[in-house]
Amino acid sequence: MIDLALVRSDPERVRESQRRRGDDVGVVDRILAADTRRRAALTEFERARAEQKSLGRAVAQAHGDLKTELLARTKDLARQVKALQADAEAADAEARDLVMSIGNVVEPGVPAGGADDFVVLRTQGTPRDLAAEGVPVRDHLELGEGLKAIDMERGAKVSGARFYFLTGVGAQLELAILNAAMGAATSQGFSPMITPTLVRPETMRGTGFLGSHADEIYYLDKDGLYLTGTSEVALAGYHTDEILDLSDGPLRYAGWSACYRREAGSAGRDTRGIIRVHQFHKVEIFSYTRAEDAATEHERFLAIQEAMLQALELPYRVIDTAAGDLGSSAARKFDCEAWLPSQERWMELTSTSNCTTFQARRLAIRERGEDGTQPVATVNGTIGTTRWIVALLENHQQADGSVYVPPLLRPYLGGVETLTPVL
RNA sequence: GGAGAGUUGACCGAGCGGCCGAAGGUGACAGUCUUGAAAACUGUUGAGGCGUAACCCGCCUCCGCGGGUUCGAAUCCCGCACUCUCCGCCA
């Protein structure tokens, strides 16, 4: 939820944000109109209510005829107050719905446009020339099957399309990635967390995921619970309705969880292997910071992500996502994309979003300031997922179908330097 | 799944249908005292909103959430969520 005060004081800034996102600009003026109605209705209700209260106090002290007379007046007033309250509540709900309907105000510097209008900030490492090395390019599934690491067929048999088993070294590889990520996060001061993956509607709504992406989310009708697509949801909900003490710096958490995604709009895309699946694991870092420190924290997240990818010796590029491709909560988003040799394209491995005060406003998460409280900012980012297996297998493949293991992961794989095919 | 008890501010905890946004305590902050600290004493200390752009001030809302009764609800009634205890069931 954006700041209503900002809409009032600087509507043009909000209009510009909507324009860059490619969203409805007219909503800004509808918000202003609704807010005017809301305040008028509220003032009227409050005036009537104040009268009712003072009359009520008089009733309590009056006796006899005077009391009877006063009671006659209050009855009518009570009806009036009730009606005015209903008006005020309706006007408030209307204004609130409108404010809730728009995405976060994008940060200055965010490229305008849609999914293809990202800006490449830098490219790190060089994709191998596999042909020159005499390595026949195998994709991650072929490599994974050779290693007996990935079993798609049985995944489909048991659960359907986009499900899989990780077996043997495949399972170990995933645990290695996640453990390395958890280790990196804790050494950077993030508290390790294992989070719930089923959440209440209020939590899902509060984190901004029930907007345009609602179709992406699994819902358990019998229980009224949503399956989360990222531990960001639980980590953001963790401090709902709290006033935090950030005087010792940001609160930093690293959440490990299974993630569930319906992939409703992506039929036919990335159908081979484990690039796009319904269930995977992820380690997510998450910070609650002061609003003025959020951009710095965001850069910090990106640096941690890049350090992970470099330690895994993966060639990648960093993109600054265009406004139209941002989630509703994000004011700015950086993705790291690794090279995918089998498809000769870049594939997203990490994403980090600065949500500024958008989520915190919805979830009522504040900090105590000089005078009163103010909403905090939230920042989130990926530092390890199942999908990283894809990039590792493909980029580190050898001519014989074996796969080089970067040193960071070896401690989790019994010290081996190479994964070799099972014949 | 069944039965019972509970949910009040940062925390503990009292609360009669009518000066109750709520006693008392703890904590925190400030002051007095002290070379300094502790102790003691004194004071301050919830959130959201409207008037209003800001101050002062005034007003409204909030006692788990949502309804209802009433001139008037933290208090009475109904529903829901959550917590705890016991029983049952399953690990």
Going by atom type alone, with no hydrogens or angles, which donor-acceptor pairs under 3.5 Å involve a side-chain atom of residues 225-234 of chain A and a protein atom two or more places apart or on another chain?
| from | atom 1 | to | atom 2 | distance (Å) |
| --- | --- | --- | --- | --- |
| A:Thr228 | OG1 | A:Thr197 | O | 3.3 |
| A:Thr230 | OG1 | A:Glu232 | N | 3.0 |
| A:Thr230 | OG1 | A:Lys282 | NZ | 2.7 |
| A:Ser231 | OG | A:Gly255 | O | 3.4 |
| A:Glu232 | OE2 | A:Gln359 | NE2 | 2.8 |
| A:Glu232 | OE2 | A:Asn380 | ND2 | 3.2 |

### Query
For A:Glu367 and B:rA10, what is the distance between atoms CD and P respectively, to the nearest whole Å?
16 Å

### Task
Quote, to the nearest angstrom, the C1' distance that separates B:rU45 from B:rA53.
28 Å

### Message
If we ignore hydrogens and angles and just use 3.5 Å, is the side chain of A:Arg290 paired with the main-chain N or O of A:Pro375 as donor and acceptor?
### Response
no

### Query
Can any side-chain N or O of A:Glu394 pair as donor or acceptor with the backbone N or O of A:Ser342 at less than 3.5 Å?
yes

### Task
For RNA chain B, write out the stems as range with range, using runs of 3 or more consecutive Watson-Crick or G-U pairs with both distances under 3.5 Å.
B:1-7 with B:81-87, B:10-12 with B:24-26, B:27-32 with B:40-45, B:46-51 with B:57-62, B:64-68 with B:76-80

### Message
Distance check needed: B:rC60 P versus A:Glu51 CD, whole Å only.
### Response
12 Å

### Task
Quote, to the nearest angstrom, the P distance that separates B:rC65 from B:rG48.
16 Å

### Task
Assign each of A:Ser54 and A:Arg366 to its nearest nucleotide of RNA chain B by heavy atoms, then name whichever residue's nucleotide is nearer the 5' end.
A:Arg366

### Query
Backbone N or O of A:Arg276 within a donor-acceptor pair of the A:Glu263 side chain at under 3.5 Å?
no

#### Entry: Per-nucleotide protein contact string for nucleotides 49-54 of chain B (B base, S sugar-phosphate only, - none; heavy atom under 4.0 Å)
BBS-S-

### Task
Round to a whole Å and report the spacing from CZ of A:Arg96 to C1' of B:rU61.
14 Å

### Message
When the P atoms of B:rG2 and B:rC80 are compared, how many Å lie between them, rounded to an integer?
### Response
11 Å

### N/O donor-acceptor pair under 3.5 Å between A:Trp256 side chain and A:Leu178 backbone
no

### Query
Under the salt bridge (Lys or Arg N to Asp or Glu O under 4.0 Å) criterion, do A:Glu94 and A:Arg38 qualify, and how do the steps go?
CA-CA 8 Å; A:Glu94 193 197 340; A:Arg38 164 187 155 264; over 6 Å; no

### Query
Does A:Thr386 use its side chain to pair, donor to acceptor, with the backbone of A:His281 at less than 3.5 Å?
yes

### Query
When you measure from the side chain of A:Asp117 to the backbone N and O of A:Gly114, does any donor-acceptor pair fall under 3.5 Å?
yes

### Query
Per the side chain to side chain donor-acceptor pair (under 3.5 Å) rule, which among A:Asn354, A:Thr321, A:Asp320 passes with A:Arg332?
A:Asp320

### Task
Whole angstrom is fine here: how far is it from CD in A:Gln85 over to P in B:rC60?
13 Å

### Message
Could you tell me how far B:rG25 sits from B:rC82 if I compare only their C1' atoms? Round to whole Å.
### Response
27 Å

#### Entry: Donor-acceptor under 3.5 Å (A:His396 side chain, A:Leu314 main chain)
no

## Note on the structure
Quick tally for nucleotides 64-73 of chain B: nucleotides whose base has a protein heavy atom under 4.0 Å get B, sugar-phosphate-only ones S, the rest -, giving -----S-BS-

### Rounded C1' spacing from B:rC20 to B:rU75 in Å
11 Å

### Between B:rG88 and B:rA3 - C1' atom distance, rounded Å
11 Å

### Query
Is any side-chain N or O of A:Lys53 closer than 4.0 Å to OP1 or OP2 of B:rU61?
yes

### Whole-angstrom distance between B:rC59 and B:rG64, as gauged at atom P
25 Å

#### Entry: Integer angstrom distance from the P of B:rU8 to that of B:rA30
29 Å

### Task
Whole angstrom is fine here: how far is it from CG in A:Leu244 over to P in B:rA47?
14 Å

### Query
Roughly how many Å is it from CD in A:Glu242 to C1' in B:rG48, rounded to a whole number?
17 Å

### Donor-acceptor contact present, side-chain A:Thr207 to main-chain A:Thr203, <3.5 Å
yes

### Message
Quick check against the 3.5 Å criterion: does A:Gln305 have a side-chain atom that pairs as donor or acceptor with the backbone of A:Thr382?
### Response
yes

### Task
Can you tell me the distance, in whole Å, between the CD atom of A:Glu202 and the C1' atom of B:rC82?
11 Å

## Note on the structure
Between CG of A:Asp245 and C1' of B:rU45 the distance, given in whole Å, is 16 Å

### Task
Using the test side chain to side chain donor-acceptor pair (under 3.5 Å), find all partners of A:Thr385 that sit at least two apart in sequence or belong to another chain.
none

### Query
What is the ring orientation for A:Tyr288 with A:Tyr253, classed by angle as parallel under 30°, tilted 30 to 60°, or perpendicular over 60°?
perpendicular

### Task
Verify, without hydrogens or angle tests, whether A:Thr373 (side chain) and A:Arg366 (backbone) share a donor-acceptor contact under 3.5 angstrom.
no

## Note on the structure
Within residues 355-363 of chain A, the residues having a heavy atom closer than 4.0 Å to RNA chain B are none

